[in-house]
Amino acid sequence: MKTYRVGVCDSDLEYAAAIMDYSNENKESGIKMTMFSSMKALAQYLSVQDLDLILTDDISRCEKVDGKLFYCDVKTVKLMEFRDESEGWQMADSEEEGIFKYQQAAIICKQIKNHLVFKSENVTKVTEVIGVFSPIGRCGKTLLAKTLAGYDEVRGGLYVSLEDYSVDRTEINTDILYLLKTNSSDIKEAINHSIFEENGIHILGISGTYLDIHDVSSSDINTLVRLLLETGRFTSIVFDIGSSVLGDLSVFECFDRLYMPVLGDEKSKQKIEVFNKLMKDVGKRSILSKFTPVDVPDSNLGEEELVKTVWKLRTNGNE
């Protein structure tokens, strides 16, 4: 189970310490909490470390984006001391305004987990849109993406290639990206014509070259996803993402889930650290929180160990 990192900064230091101790002692909560004495200390921590969520009673330094609070690009939830009982107010599980401090710690932890779930704004909730990306090579990225698409047991999955260079030379001549960007009336027919099946997996290639993929925008991905959802054919759309998409980092915001295949050697770890620093430096720290690292087994497509890895991801949302 993934452990979420939560920072708590409250003027009542005894309360902050108590909720931190409860959360950290309750291993099943999946929350590792760190207490800070001030927002300045929290900002210093974030300059070298990451958090998935911040709890604080001081939101004066926070930025509000689309109705949500952020501090140093980390989603922030207000800790509230009072609630208006006169209007029948009660804390809902998904309450966005904040969390009432003086209630059972178990309820608070549950509400924290609800705030940690990134909700999609896609056209439908039936189909899940997944991205697989890694800044390191030979890590099983394509293998993982195809397995995720191939083992959708509802209506089936679709593997969409956003790799830097395709192994299929026919994809060099595809015009799907051009049709997407020009909002052509022929785009639906082109997509349907371009989807093919290989080893039991439905596959769609947008382009076969780095230069084209580098020009892909989040708007292009959202349009493509909308068109694919309209077909009603798939309950998983899995994008195999190459580094060329880094031309528009907001592309990562198009996905319900993001998986990052990792390797244990030192150079691979350093490459991931460089990618993480890049995201922080350009103000995309919140995207890092959406990534789940995956140790892809050294196996072939369809082998049991790989299928088991995907099954764990699908049933638990993480390893």
Contact check, side chains of Arg5 and Met33, non-hydrogen atoms, under 4.5 Å: no
Leu263 side, atom CG; Lys271 side, atom NZ - distance, nearest 0.5 Å: 9.5 Å
Derivation of the salt bridge (Lys or Arg N to Asp or Glu O under 4.0 Å) call for Asp73 and Lys280: CA-CA 8 Å; Asp73 201 35; Lys280 295 175 189 176; over 6 Å; no
Lys32, NZ: over 12 other non-hydrogen atoms inside 6.0 angstrom: no
Leu79 reachable from Leu13 in the ILVMFWY side-chain graph, under 4.5 Å edges: no
Salt bridge (Lys or Arg N to Asp or Glu O under 4.0 Å) between Lys284 and Glu253, intermediate numbers included: CA-CA 10 Å; Lys284 297 292 184 180; Glu253 297 171 357; 3.3 Å; yes
Test of ring centre spacing under 6.0 Å for Phe234 and His202: yes
Neighbour count >12 (heavy atoms, 6.0 Å) for atom CD, Glu189: no
Polar side-chain atom of Glu303 near backbone of Asn300 as donor-acceptor pair, under 3.5 Å: yes
CD1 on Ile213 to OG on Ser207, rounded to 0.5 Å: 5.0 Å
Stepwise side-chain contact (heavy atoms from CB on, under 4.5 Å) check, Arg61 with Asp58: CA-CA 8 Å; Arg61 299 173 179 81; Asp58 179 10; 2.8 Å; yes
Verdict with supporting geometry, Lys269 and Asp265, salt bridge (Lys or Arg N to Asp or Glu O under 4.0 Å): CA-CA 6 Å; Lys269 291 179 181 178; Asp265 63 282; over 6 Å; no
Parallel, tilted or perpendicular, as decided by the 30° and 60° cut-offs, for the rings of Phe133 and Phe291: tilted
The single option from Arg314, Glu128, Arg257 passing side chain to side chain donor-acceptor pair (under 3.5 Å) against Ser236: Arg314
Ring pair (Phe, Tyr, Trp, His ring centres under 6.0 Å) assessment of Tyr102 paired with Tyr15: CA-CA 9 Å; Tyr102 304 116; Tyr15 169 81; 5.7 Å; yes
Greater than 12 external heavy atoms within 6.0 Å of Glu14's CD: no
Hydrophobic cluster identity match, Val282 and Val65, side-chain contacts under 4.5 Å: no
Of Thr127, Asp152, Leu148, the residue whose pairing with Ile237 passes side chain to side chain contact (heavy atoms under 4.5 Å, CB included): Thr127
Distance-only polar pair, side chains of Thr142 and Asp240, donor-acceptor under 3.5 Å: yes
Derivation of the salt bridge (Lys or Arg N to Asp or Glu O under 4.0 Å) call for Glu273 and Lys277: CA-CA 6 Å; Glu273 288 177 2; Lys277 184 177 186 304; over 6 Å; no
Sub-4.5 Å side-chain heavy-atom contact between Asp57 and Lys78: no
Check: Ile191 and Leu228 side chains under 4.5 Å, non-hydrogen atoms: yes
Ring-face cation contact, Phe70 with Lys75, 6.0 Å cut, 45° max: no
Approximate separation, where rounding is to 0.5 Å, of Asp10 CG and Ile19 CD1: 10.5 Å
